[in-house]
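Below is one structure, written out as structure tokens; the observations come after it.
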Amino acid sequence: RLNAMRLISLMISGFLAAPAAAQTAFPCDWQARADAIVEPWDDNTATFANGAVRIALLDVIEPAAGAFYLLILHPPYDELGSRVCTVVGLNESIGYANIDFNGLEARYDPARGLTFEVPATIYLPEQSFQNPALVSITVNQATGAVTVKQALGNE
């Protein structure tokens with residue numbers, strides 16, 4: 001019984017010591033292609049702040065375990081009138097295993113900015129880790145700063 005308890009304890013501590021899935025916002029790159037916007041576009045894009053902010057679901061196909069990203073076009077505008085283009089994923093080379101765009105919710109707080117929350121699934125095959133998450137993205141339209149946080153589900 002003691003050996004079983006030690007084994008369970010080691011497994012739990014090993015899991016807790018494993019690197020947590022990161023999330024990040026970064027300037028648009030190879031993920032932000034028009035052909036990666038999930039069709040139908042009407043169902044997988046949305047605008048906020050009187051059209052100043054657009055968000056779209058991207059599927060870059062590979063890696064299949066992390067093919068989904070979010071594309072966000074947002075202020076501030078540059079001297080030519082273009083918005084900032086930002087992509088959100090786990091990192092620049094892997095996105096989420098799934099993003100439930102139908103579950104996207106938005107709220108505005110003048111002190112923080114426009115915040116989006118969307119259910120997603122994280123899958124990290126090298127760590128045999130899969131978990132639902134709630135991804136929270138805050139866009140500060142005045143500065144262009146985009147911050148991303150995620151809360152892992154209990155599964």
Side-chain angles (χ1 to χ4, degrees), residues 15 17-155:
F15 177 74
Q23 67 286 331
T24 189
F26 47 92
C28 288
D29 197 7
W30 61 269
Q31 306 88 346
R33 300 182 329 257
D35 66 338
I37 298 173
V38 176
E39 302 232 18
W41 285 15
D42 287 346
D43 295 341
N44 294 293
T45 65
T47 58
F48 301 88
N50 297 317
V53 177
R54 176 175 294 278
I55 187 166
L57 178 62
L58 301 174
D59 180 355
V60 298
I61 301 172
E62 289 292 334
F68 292 95
Y69 293 85
L70 290 173
L71 168 76
I72 306 172
L73 300 174
H74 57 89
Y77 295 90
D78 66 15
E79 61 277 355
L80 298 176
S82 296
R83 292 176 282 185
V84 177
C85 184
T86 301
V87 173
V88 173
L90 289 179
N91 60 48
E92 293 181 31
S93 61
I94 189 165
Y96 292 90
N98 186 43
I99 296 175
D100 179 9
F101 199 79
N102 290 329
L104 178 72
E105 294 182 5
R107 68 181 179 283
Y108 178 71
D109 176 350
R112 296 188 61 221
L114 182 60
T115 298
F116 302 101
E117 288 187 339
V118 64
T121 304
I122 296 167
Y123 179 60
L124 302 173
E126 63 280 352
Q127 291 146 347
S128 297
F129 178 77
Q130 178 173 340
N131 211 80
L134 184 63
V135 180
S136 178
I137 305 156
T138 301
V139 177
N140 182 319
Q141 296 176 67
T143 66
V146 176
T147 57
V148 184
K149 297 177 184 172
Q150 67 187 18
L152 294 178
N154 292 327
E155 284 88 41

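- In this structure, Glu39 CD and Leu57 CG are separated by 11.5 Å, a value rounded to the nearest 0.5 Å.
- When atom types are taken as modelled, the side chain of Asn91 and the backbone of Ser93 share a donor-acceptor pair closer than 3.5 angstrom.
- Interatomic distance, CD1 of Ile61 versus CG of Asp35, reported as 7.5 Å (0.5 Å rounding).
- Proximity of Leu152 to Ile122: side-chain heavy atoms (C-beta onward) are separated by under 4.5 Å at one or more points.
- No donor-acceptor pair under 3.5 Å is formed between the side chain of Tyr69 and the backbone N or O of Gly89.
- Glu92 and Gln31 get closest at one heavy-atom pair: O-NE2, 2.6 Å.
- One distance of note links CG of Leu58 with CD1 of Ile37; it measures 6.5 Å at 0.5 Å rounding.
- Scanning all heavy atoms of the two residues, the minimum distance from Val146 to His74 falls at CG2-NE2, 3.5 Å.
- Note that CG of Asn98 and OG1 of Thr121 are 4.5 Å apart. Values are rounded to the nearest 0.5 Å.
- Residues Ile72 and Val88 meet the side-chain proximity criterion, which asks for heavy atoms closer than 4.5 Å.
- Scanning all heavy atoms of the two residues, the minimum distance from Ala25 to Thr86 falls at CB-CG2, 3.8 Å.
- Nearest heavy-atom pair across Ala97 and Tyr123 is CB-CB, 3.7 Å.
- When side chains are defined from C-beta on, Pro76 does not count as touching Thr143, because their heavy atoms never get closer than 4.5 Å.
- For the side chain to side chain contact (heavy atoms under 4.5 Å, CB included) with Leu70, the lone residue among Tyr96, Phe116, Phe101 that qualifies is Phe101.
- Across all their heavy atoms, Ala34 and Trp41 have their closest contact at O-CZ2, 3.5 Å.
- Within the 3.5 Å criterion, the main-chain N or O of Val84 finds no donor-acceptor partner in the side chain of Tyr77.
- Leu114 and Ala106 make their closest contact through CD1-CB, 4.4 Å (heavy atoms, listed as atom of the first residue, atom of the second, distance).
- The OH atom of Tyr108 lies 6.5 Å from the CD atom of Gln141; values are rounded to the nearest 0.5 Å.
- Atom OG1 of Thr47 and atom CD1 of Ile55 lie 11.0 Å apart (nearest 0.5 Å).
- Distance alone, capped at 3.5 Å, places no donor-acceptor pair between the Asp100 side chain and the Val118 backbone.
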